[in-house]
Amino acid sequence: MSPTKKAGILGATGTVGQRFILLLANHPQFVIHALGASSRSAGKTYKEAAKWKQSSPIPEHVRGIVVRPCVAEEFKDCDVVFSGLDADVAGDIEMAFLKSDLVVFSNAKNYRRDPTVPLIVPTVNTDHFTIIPHQRSLHSLRKGFLVTNANCSTTGLVVPLKALQDAFGPFTTIVVHTMQAISGAGYPGVPSLDIMDNVVPFISGEEEKMEWETLKILGSLDQTSTSFAPLTQTRVSATCNRVPVIDGHTESVSLSFARRPPPSPADVTRVLAEYTCEAQELRCHSAPRRAIIVTEDDDRPQPRLDRDSEGGQTVTVGRVRTCNVFDIKFTLLVHNTVLGAAGSSVLNAEVAVAKELI
Ligand SMILES: NC(=O)C1=CN([C@@H]2O[C@H](COP(=O)(O)OP(=O)(O)OC[C@H]3O[C@@H](n4cnc5c(N)ncnc54)[C@H](OP(=O)(O)O)[C@@H]3O)[C@@H](O)[C@H]2O)C=CC1
Ligand SMILES: N[C@@H](CC(=O)OP(=O)(O)O)C(=O)O
């Protein structure tokens, strides 16, 4: 079956944009139709414009595509537009696309807090798509809508949290420390003299995003599907560090449940390993076979060894154990540019197709 939906990619030359190219190059539903980037790139072929940093080559049929400026008129025949735009420009451009009745899946932070825009991690809260009719009516749209996906570190965190919340009820406290890959900072990103032989204990704005995004994603929609109800009883504290790893964010998580007695490490391990999500039930092409992989090895997960499991669409969890301060602690790994970015958008779009929103 040949792909039927025309896809545009904004920010196609960037780190996330390059992941979109790889994920969509041989996609059964979406065909790469239009590529957009800044005025520095527009008018050049993709091969000329992109500083390609992926370990597989630029797909042959993409090399010669001429990059367009990111204006809605240039993308009007796209069925879906994926955005890997720099946050400095994503706000205005994505809103212009939405107002032109286009379907936009954004990686940027700009609209994540918007009360009518869902913040969807595709293996966690695809039920939040139910706000789309309300969003369309507010903007008088026929077919367009805007969906954001989460910060890459938040994405890794909420997958196991969702499994545990469904099984054991609410958390009182979540404390997370991240070790984030340099690809998270885009290209050229962190200077080599800052990150080689080093750890940088600050990523601007990252801790705040992890703390509030988690509450929106794990929260619910009201009964009329017109507003979000973020969690209010859970406190989240995040500490974010940049480490000299190319891809894959590692996170150490400690948490307490409201319920007493809390679940044991064995209960937690079982629930994580058995977790399934709607994207799998809908048989979406990019859905991981296992949304969470639990590793029993004492020294896993590790970014180099585990980031590509399930095509980068899973979260690997290990070292599940009792915590002397909170109830449970564990370590997780997420591929920051696949499930943490472009992979989330693509799987979200597949879910939207299955729900007949596109
Ligand atoms: N990297 C990651 O792990 C994650 C990134 N994100 C978010 O995804 C987005 C993209 O990040 P990333 O790929 O890392 O960033 P990059 O800096 O690597 O790429 C940015 C892209 O935006 C384009 N761009 C910049 N200015 C303009 C403009 N004025 N008009 C049109 N296009 C423009 C660039 O085009 P050109 O090449 O022509 O300059 C490039 O294609 C950001 O919002 C980021 O916060 C989210 C989760 C994870
Ligand atoms: N800040 C993240 C990547 C990112 O761009 O996040 P956000 O989309 O939330 O701005 C990192 O450095 O690893």
Side-chain angles (χ1 to χ4, degrees), residues 8-22 35-54 66-72 74-75 81-94 96-97 104-113 119 121 148-157 178-190 194-195 200 202-214 216-217 238 240-243 245-251 303 307 312 334-345:
I9 304 173
L10 306 179
T13 49
T15 305
V16 173
Q18 293 182 19
R19 277 286 166 195
F20 274 127
I21 302 263
L22 290 179
L35 302 178
S38 77
S39 55
R40 296 178 289 277
S41 305
K44 296 180 184 166
T45 63
Y46 187 75
K47 165 78 179 66
E48 290 166 336
K51 292 191 177 70
W52 188 257
K53 298 294 166 195
Q54 308 303 313
V66 175
V67 177
R68 306 179 188 193
C70 293
V71 290
E74 295 274 356
F75 290 76
V81 176
F82 296 101
S83 170
L85 282 172
D86 191 292
D88 287 348
V89 296
D92 290 345
I93 295 174
E94 290 172 0
F97 275 59
V104 182
F105 287 88
S106 169
N107 275 275
K109 64 184 175 189
N110 307 62
Y111 293 105
R112 290 181 193 153
R113 281 192 112 123
L119 174 54
V121 174
T148 57
N149 45 259
N151 169 273
C152 36
S153 296
T154 309
T155 300
L157 177 65
T178 70
M179 290 149 271
Q180 297 185 213
I182 51 179
S183 61
Y187 186 81
V190 190
D194 285 344
I195 198 64
V200 180
F202 177 67
I203 302 173
S204 179
E206 196 80 351
E207 296 174 352
E208 295 79 2
K209 279 183 279 186
M210 288 192 77
E211 289 168 2
W212 72 259
E213 288 182 12
T214 298
K216 180 170 178 180
I217 294 163
C240 296
N241 304 287
R242 186 77 68 196
V243 298
V245 164
I246 292 178
D247 286 321
H249 290 357
T250 306
E251 304 178 26
R307 63 192 167 205
V334 60
H335 195 307
N336 55 297
T337 64
V338 185
L339 186 64
S344 263
S345 290

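Computed from a prediction, not measured in an experiment: that's the story for all the values here. We count ligands from 1, going down the list as the structure has it; atoms in each ligand are counted the same way.
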Quick one: OG on S41 to NZ on K51, what's the gap to the nearest 0.5 Å?
-> 8.0 Å
Would you say T337 contacts ligand 1, with heavy atoms under 4.0 Å as the rule?
-> yes
Stepwise salt bridge (Lys or Arg N to Asp or Glu O under 4.0 Å) test for E206 and K209 | CA-CA 5 Å; E206 196 80 351; K209 279 183 279 186; 3.8 Å; yes
Could you tell me the residue and atom name of the protein heavy atom closest to atom 10 (O) of ligand 2, and the distance to it rounded to 0.1 Å?
-> K209 NZ, 2.7 Å
Protein heavy atom at shortest distance from atom 3 (O) of ligand 1 = N336 ND2, 3.2 Å
Protein heavy-atom partner closest to atom 18 (O) of ligand 1 - residue, atom, separation in Å = T15 N, 2.9 Å
Enter the distance from N107:CG to N151:CG here, rounded to the nearest 0.5 Å.
-> 10.5 Å
Identity and distance of the protein heavy atom lying nearest atom 6 (O) of ligand 2 | N151 ND2, 3.3 Å
Within a strict 4.5 Å, meaning less than it, do heavy atoms of the L35 and I21 side chains meet?
-> yes
Would you mind finding which of E213, E206, H249, E208 brings a heavy atom closest to atom 2 (C) of ligand 2?
-> E206
Within 4.0 Å of some non-hydrogen atom of A341, the atoms of ligand 1 are 47 (C), 48 (C)
Nearest-neighbour protein heavy atom for atom 47 (C) of ligand 1, which is reported as residue plus atom name and distance | G340 O, 3.4 Å
Atom 13 (O) of ligand 1 sits nearest the protein heavy atom V16 N, 2.7 Å
Heavy-atom proximity to atom 21 (C) of ligand 1, best of G186, C70, A108, G84 | G84
So which heavy atom in the protein is nearest atom 12 (O) of ligand 2, and how far is it from that ligand atom?
-> R242 NH2, 2.5 Å
Touching ligand 1 at all, R40? Heavy atoms, strictly under 4.0 Å?
-> yes
State whether the number of non-hydrogen atoms from other residues, nucleotides or ligands found under 6.0 Å of D194 atom CG is greater than 12.
-> yes
Would you say C152 touches ligand 2, if touching means a heavy atom closer than 4.0 Å?
-> yes
Among all protein non-hydrogen atoms, which one is nearest to atom 4 (C) of ligand 2, and what is the separation to 0.1 Å?
-> G184 O, 3.9 Å
Taking only non-hydrogen atoms of G11 and a 4.0 Å limit, the atoms of ligand 1 in range are 21 (C), 22 (O), 41 (O)
With a cut-off of 4.0 Å, which atoms of ligand 1 are near a heavy atom of A37?
-> 31 (C), 32 (N), 35 (O), 38 (O)
Measure the spacing between NE2 of H249 and OG1 of T337 and express it to the nearest 0.5 Å.
-> 9.0 Å
Protein heavy atoms: any of them under 4.0 Å from atom 10 (C) of ligand 1?
-> yes
Which residue owns the protein heavy atom closest to atom 30 (N) of ligand 1, what's the atom, and how far is it?
-> S38 CA, 3.7 Å
Does N336 come within less than 4.0 Å of ligand 2, judged by its heavy atoms?
-> no
Closest to atom 42 (C) of ligand 1 among protein heavy atoms sits L85 O, 3.2 Å
Short list, please: which atoms of ligand 2 are under 4.0 Å from a heavy atom of N107?
-> 8 (O)
Relative to each other, are the rings of Y46 and W52 parallel, tilted or perpendicular (30° and 60° limits)?
-> perpendicular
Distance to 0.1 Å, residue and atom name: give those for the protein heavy atom nearest to atom 8 (O) of ligand 2.
-> R112 NH2, 2.7 Å
Closest to atom 35 (O) of ligand 1 among protein heavy atoms sits T13 OG1, 3.2 Å
Between the CG atom in L85 and the CG atom in N110, the distance rounded to the nearest 0.5 Å is 9.0 Å
Within-4.5 Å side-chain heavy-atom neighbours: Q54 and R19 = yes
